[in-house]
Amino acid sequence: MASDPLSDEQREIRELVRQLARDRIAPRAAEIDESHEFPWDVVELYREHGLFGLFYDERYGGLGTGALLALIAIEEVSKVCATSGLILAVQELGSLGLKLAGNDEQKERYLPKLATGEYLTAYALTEAGSGSDSAAMRTTARRDGDAYVLNGSKRFITNAGVASLYTVFAKTDPDAAHAGISAFVLESDTPGFDVTRLEPKLGISGSTTGELAFEDARVPAANLLGEEGDGFKIAMRILDRSRPGIGAQALGIAQGATDYALEYARSRETMGKPIADHQLIAAKLADMETACEAARGLLYRFGRLVDDGVDGADLTKASAQAKLFCSDTAMWVTTEAVQILGGYGYIKEYPVERMMRDAKITQIYEGTNEIQRLVIAREMLRESRSPLLAGVS
Ligand SMILES: Cc1cc2nc3c(=O)[nH]c(=O)nc-3n(C[C@H](O)[C@H](O)[C@H](O)COP(=O)(O)OP(=O)(O)OC[C@H]3O[C@@H](n4cnc5c(N)ncnc54)[C@H](O)[C@@H]3O)c2cc1C
């Protein structure tokens, strides 16, 4: 492709990921969905081929190949298996606290183990009573000598029970709202920490989603990220960087469903011709492909912004737009793919029903799409840009 923004090295890695997705992960996707078992074999495959390294700098043992390629890798895997794509996206989500707010000692201690995939990781913000309203969290962290003592619980945490390292948010000042939150890195073998429940769910069935409990769990003070009270800002900075990972998962699902529906429409005949030759079906395929390409434009733009060194508030709107549009596209496109397959679309033997179930979560986690719209509108309201209003007060 003439406009391919990738270097030769990046293209080679994309080709490797595509090949692994097609040859090794695609044949496992239906089984992962049906068994509801976390796919450790896929983790092993990523380890063998160094794919976790996509998210880390070379000084920590990573590939140093940048944000755009990392998004492309998540997209490529998610074309065939959304659970496997999520394993990559959450490795980034759970590492970003260390990458963005960790000190040198914390980074040296943990990032190399994350880069090889020896450690899987998780991000624990949500609680039973606080999802969109994360400042309402109840988990507390009380300073006691050289440690913080954590009490409370977290809900809906991806990688619960399989992660070795959790980025946990808790109130060091329970009376303060946003300013009372602090961020910690917690090791899974910490006494007083437990995974108390795993959720059965609609899609991404191989991914664990669980409840975490903290009962006087002592986290060394050296594992505080930034300063006390920095936690909310860190949580939001992380989400600005990580949400497009969910966009990439969503785009992969959408493109995978489009590609499958196209092949099906070529071969399924009604009224004497392939259904792809019926104009109503052809129009669906055209709209699905166009929506995927538009979503890809927003997603890759975000990756390029990060690779160009853009940071902070400038990323916020681009990140929310990529997550919003990719995930709405995934839900719409997969629903259309099921429609194109007719009755077969609804049957488990064909992958599009799984893709439709997997698509739904991308509109919900890492901030619902209602929240993404609020974020985008808030950023728009900060800007004053219509020349027609110049001089009007
Ligand atoms: C499978 C799965 C995996 C997850 N993984 C993680 C994870 O790894 N780490 C983690 O911390 N969390 C995780 N979550 C939690 C997820 O991010 C939250 O569920 C999500 O942010 C929504 O929070 P909530 O469920 O409390 O819904 P609520 O906040 O109660 O929202 C309910 C509804 O109200 C809407 N709403 C809420 N506030 C507003 C508002 N101000 N304006 C307009 N509409 C509003 C929401 O959009 C939604 O439609 C996961 C959830 C699931 C289901």
Side-chain angles (χ1 to χ4, degrees), residues 32-33 36 38 74 78 82-97 120-139 150 152-171 177-178 181 183-186 188 195 197-214 231-232 234-243 245-247 249-250 253 319-320 323-324 327-328 330-331 354 357-378 381:
I32 291 169
D33 178 54
H36 294 214
F38 183 77
I74 297 168
S78 301
T83 289
S84 299
L86 184 61
I87 292 171
L88 293 176
V90 175
Q91 192 72 354
E92 169 74 338
L93 170 68
S95 301
L96 275 166
L120 295 184
T121 180
Y123 173 87
L125 180 68
T126 302
E127 300 185 2
S130 63
S132 305
D133 185 11
S134 49
M137 71 174 61
R138 305 278 288 274
T139 298
L150 267 62
S153 64
K154 296 284 168 184
R155 189 95 194 255
F156 299 152
I157 305 308
T158 303
N159 275 2
V162 299
S164 299
L165 210 61
Y166 294 76
T167 305
V168 179
F169 298 86
K171 287 252 170 101
H178 304 83
I181 298 172
F184 302 90
V185 176
L186 174 140
S188 59
V195 175
R197 167 195 166 103
L198 292 180
E199 311 283 355
K201 51 193 188 296
L202 178 69
I204 52 162
S205 309
S207 171
T208 63
T209 308
E211 189 169 68
L212 315 180
F214 310 91
F232 186 77
I234 293 171
M236 295 304 117
R237 273 191 80 201
I238 291 172
L239 290 174
D240 275 352
R241 291 285 290 268
S242 69
R243 279 173 175 150
I246 298 307
Q249 182 197 27
I253 297 169
S319 161
K323 195 269 184 185
L324 170 69
S327 58
D328 280 355
M331 196 64 244
R354 164 169 53 82
R357 286 185 286 107
D358 287 345
K360 185 61 209 171
I361 189 60
T362 65
Q363 295 179 305
I364 295 173
Y365 56 17
E366 293 201 29
T368 65
N369 280 5
E370 287 76 19
I371 297 300
Q372 303 314 311
R373 288 183 168 90
L374 291 181
V375 168
I376 294 162
R378 188 190 63 207
L381 289 165

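Atoms within each ligand, like the ligands themselves, are counted from 1 in listed order.
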Residue pairs, two or more places apart or on separate chains, that pass salt bridge (Lys or Arg N to Asp or Glu O under 4.0 Å) and touch residues 123-133: Glu127-Lys154
Return a table of N or O atom pairs, ligand 1 on one side and protein on the other, at distances under 3.5 Å, rounded to 0.1 Å.
residue, atom, partner, partner atom, Å
ligand 1, 5 (N), Phe156, O, 2.8
ligand 1, 5 (N), Thr158, OG1, 2.8
ligand 1, 8 (O), Thr158, N, 3.0
ligand 1, 8 (O), Thr158, OG1, 3.3
ligand 1, 9 (N), Tyr123, O, 2.7
ligand 1, 11 (O), Leu125, N, 2.9
ligand 1, 11 (O), Thr126, N, 2.9
ligand 1, 11 (O), Thr126, OG1, 3.1
ligand 1, 12 (N), Thr126, OG1, 2.7
ligand 1, 14 (N), Phe156, O, 3.2
ligand 1, 23 (O), Ser132, N, 3.4
ligand 1, 26 (O), Gly131, N, 3.4
ligand 1, 29 (O), Ser132, N, 3.0
ligand 1, 29 (O), Ser132, OG, 2.6
ligand 1, 47 (O), Thr368, OG1, 2.6
ligand 1, 47 (O), Glu370, OE1, 2.8

Does the ring centre of Phe232 sit less than 6.0 Å away from the ring centre of Phe169? no
Do you know which two heavy atoms are closest between Ala160 and Leu212, and how far apart they sit? CB-CD2, 3.9 Å
I'd like to know if the side chain of Arg243 reaches the main chain of Ala320, judged simply by a donor and an acceptor atom lying under 3.5 Å from each other, with no hydrogens or angles considered. no
Heavy atoms of other groups near Arg378 CZ, more than 12 under 6.0 Å: yes
Report yes if the side chains of Asn369 and Gln372 come closer than 4.5 Å at any heavy-atom pair, otherwise no. yes
